[in-house]
Number of protein chains: 2
Amino acid sequence: MSAADTRQQIVEAADKLFYEQGFETTAFADIAAATRLSRGNFYYHFKTKDEILAAVVALRLDRTRQMLDHWRERACGPRDALRSFAQMLIANREAIMRHGCPVGTLCAELAKLDHGGLAQATDVFVLFRRWLAEQFVALGRAPDAHDLALHLLMRSQGIAALANAFGDETFIRREVAAIEQWLDSECPVIAADPAE
Amino acid sequence: MSAADTRQQIVEAADKLFYEQGFETTAFADIAAATRLSRGNFYYHFKTKDEILAAVVALRLDRTRQMLDHWRERACGPRDALRSFAQMLIANREAIMRHGCPVGTLCAELAKLDHGGLAQATDVFVLFRRWLAEQFVALGRAPDAHDLALHLLMRSQGIAALANAFGDETFIRREVAAIEQWLDSECPVIAADPAE
DNA sequence: GTCTATACGGAGATAGAC
DNA sequence: GTCTATCTCCGTATAGAC
C-alpha cells in the first residue's frame, strides 16, 4: 500500500475514534487495531499524536466545506439551505445521542487540555458560522447576520449536548421544529422573493 | 486535621480541577499538589479515582440544590426565578468562557469515556430541569412545562459551548437577553397575577 | 491519620531488522 | 513501508513505617 493511502486510513480511523472516544482517551493501540497496522509503524507517517490531530481537523474542515457547498447547491434558496443545517441534527441523531456533536465535543476537550490545536478545531465552527451568516445576508438580514448565525449554531450545540446527556430523540425533533419556526418568524417569506 | 476535613478538602480540590482540566486529565498528583497532601495518603480516603468522582458529583448535586432553593426564596415569583437561571450565565461568564459549563462538559466527557458515573452526572441536569419545570407550572404552563424546561436548559448549554469555543462575552449577554425576551413571549405577564 | 517507598500497567515514542 | 523489540515516563494503586 502506498504511503498516502496508509496515511489516509490512519487519519480516517483516528477521526472516527476521536469522535467516539475523545482525543485523549484514544491510544495509538486503538488506531492500530482499527487500521490493522503495528503501533511502531505510525511513526513513519506521523511523528506525534498532535500531528494526527491536526490531520484529523484538516480532514474535518475539508468535509465540512464540501457538505456546506452541497447544501447550498441542492437547496432552493437560502431559507431552504438553513433548513438543511437544522435537519442535520435529525439525520445524525443516533451518533449525536451517543457521542455528541463532533465539533463541540472536540473543542470542549481541547479547551480543557489547554491544547494548542483548539484554534484549528474552532475553525470548523467558524466555517459553519460564515456559511450560516451568508444565508442570512441573502435573506436580507445583513445587519445582524453574524448574530443570527451564532444563535443558530448555539441552538445546535445545546441540542447536541442535551441529546447526548438524555438520549431523547423526541427532544431533538421538537427542537429542530422550533428552529424552523424561529427561521420563519425571523425571516418571513415575502411575496417579492420568487425563490421562496 | 480530622479525616472528614481532609476528605472534604480533597473533594473540593478535585471538583475544581475536574472542572478546569477535565476528569481524565486530572491526576492524583494534581489533587495532591492542590491539597498539599502526599499521593499515597489519598487511598486512605478514597480507594479509586472513580470514588472521588462520585463524591464530586454528590457535592455538585448538594450545591445545586442549595442554589436552586436560594433562587426560589429570593425571587419575586417564578418568572423572576427563571431570570436568575439565565443571569447565572452572565455571573459565571469568565469561568464559562475558559472551561465551559461544569455540568455539560463533565457529562460529555463521561459519555465519551463510557463511564458508569454518567447517570449520576446527568442527575445534576435533571435537578435543573425539574426546578425549571416547576417554575413554568407556576406560570400556568403545566402541559408543556417539561419541554419548556428542556428548551431553556438547551439554550444554556449552547451558550456555554460557544462561549467556551469563541470566548465572546458580548455573545453571552446578547443570548441571555434573548432568553429573557423568549420568557416574556412564552409566559406573558397577566394582570390577574399579583406576584408578577 | 499521615507519610515514604514501590509495584504495576499502559501510554507515547525510538531503533533497527526485514 | 512495515514490522518487533524496547525505552521511558506517568498514572493508579498498595504496603507498611511512623
Side-chain angles (χ1 to χ4, degrees), chain A residues 1-57 106 109-110 112-118 120-121, chain B residues 1-58 105-106 109-110 112-118 120-121:
Chain A
M1 182 151 40
S2 82
D5 283 351
T6 306
R7 197 190 141 92
Q8 185 68 11
Q9 274 203 338
I10 292 174
V11 176
E12 282 178 13
D15 173 45
K16 188 172 180 308
L17 288 167
F18 287 175
Y19 177 39
E20 293 175 357
Q21 311 183 347
F23 168 66
E24 230 202 345
T25 317
T26 302
F28 279 159
D30 297 328
I31 312 179
T35 54
R36 286 146 158 254
L37 288 166
S38 79
R39 226 173 322 146
N41 191 17
F42 278 86
Y43 293 88
Y44 176 78
H45 300 279
F46 297 97
K47 303 282 172 279
T48 68
K49 197 179 174 186
D50 288 351
E51 277 187 29
I52 301 187
L53 175 65
V56 165
V57 173
L106 182 63
E109 186 178 355
L110 296 181
K112 290 247 191 264
L113 295 176
D114 218 356
H115 191 288
L118 175 60
Q120 259 197 312
Chain B
M1 183 155 37
S2 80
D5 283 351
T6 307
R7 197 191 140 94
Q8 185 68 12
Q9 274 204 336
I10 292 174
V11 175
E12 282 178 13
D15 174 45
K16 188 173 181 305
L17 287 166
F18 287 175
Y19 177 39
E20 292 175 357
Q21 312 182 346
F23 169 67
E24 230 203 345
T25 318
T26 302
F28 279 159
D30 297 327
I31 311 178
T35 53
R36 286 147 157 250
L37 288 167
S38 77
R39 224 169 334 141
N41 194 15
F42 277 87
Y43 295 88
Y44 175 76
H45 301 279
F46 297 97
K47 303 282 171 279
T48 68
K49 198 179 175 186
D50 288 351
E51 277 187 29
I52 301 187
L53 175 65
V56 165
V57 172
T105 52
L106 183 63
E109 187 178 355
L110 296 182
K112 289 249 193 264
L113 295 176
D114 218 355
H115 192 287
L118 175 60
Q120 258 197 311

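To find a chain, count down the sequence lines: A is the first, B the second, and so on, and within it residues start at 1.
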Report the distance from atom CD1 of A:I10 to atom C1' of D:dT2, rounded to the nearest whole Å.
11 Å
Between C1' of C:dG10 and CZ of A:R39, the distance in whole Å
9 Å
Can a side chain N or O of A:T48 be found less than 4.0 Å away from OP1 or OP2 on C:dA13?
no
OP1, OP2 of D:dG1 versus side-chain N and O of A:N41: anything below 4.0 Å?
no
Can you check the B:R7 CZ to C:dT2 P distance for me, whole Å?
13 Å
Between B:E109 (side chain only) and B:F23 (backbone N and O only), is there a donor and an acceptor less than 3.5 Å apart?
yes
Decide yes or no for A:H115 and A:L53: does some side-chain heavy atom of the first lie under 4.5 Å from some side-chain heavy atom of the second?
yes
d(CZ, A:F46; C1', D:dT2) in whole Å:
16 Å
In whole angstroms, the gap separating C1' of D:dA13 from CG of B:L37 amounts to 17 Å
Which sits closer to the 5' end of DNA chain C, A:K49 or B:S38, going by the nucleotide each is nearest to?
B:S38
Under the side-chain contact (heavy atoms from CB on, under 4.5 Å) criterion, do A:L110 and A:Q120 qualify, and how do the steps go?
CA-CA 10 Å; A:L110 296 181; A:Q120 259 197 312; over 6 Å; no
Mutual orientation of the aromatic rings belonging to A:F28 and A:F42 [parallel < 30°, tilted 30-60°, perpendicular > 60°]
parallel
Let's go through B:T25 and A:K112 carefully: what are the C-alpha distance in whole Å and the side-chain angles of both, what is the deciding distance for side-chain hydrogen bond (donor to acceptor under 3.5 Å, both in side chains) to 0.1 Å, and is it a yes or a no?
CA-CA 9 Å; B:T25 318; A:K112 290 247 191 264; over 6 Å; no
Grab the CG-C1' distance between B:L113 and D:dT12 for me, whole Å please.
15 Å
Evaluate whether atom NZ of A:K49 has more than 12 neighbouring non-hydrogen atoms of other residues, nucleotides or ligands under 6.0 angstrom away.
yes
Quick one: on DNA chain C, does A:G40 or B:H45 contact a more 5' nucleotide (nearest heavy atom)?
B:H45
B:E24 (side chain) donor-acceptor with A:E24 (main chain) under 3.5 angstrom:
no
Listed in order of residue number, which residues of residues 21-36 of chain B have a non-hydrogen atom at under 4.0 Å from DNA chain C?
none
Using only side-chain N and O atoms of A:S2, determine if any of them is under 4.0 Å from OP1 or OP2 of D:dG1.
no
Any A:Y44 side-chain N or O less than 4.0 Å from OP1/OP2 of D:dG1
yes
Between C1' of D:dC3 and CZ of A:F42, the distance in whole Å
13 Å
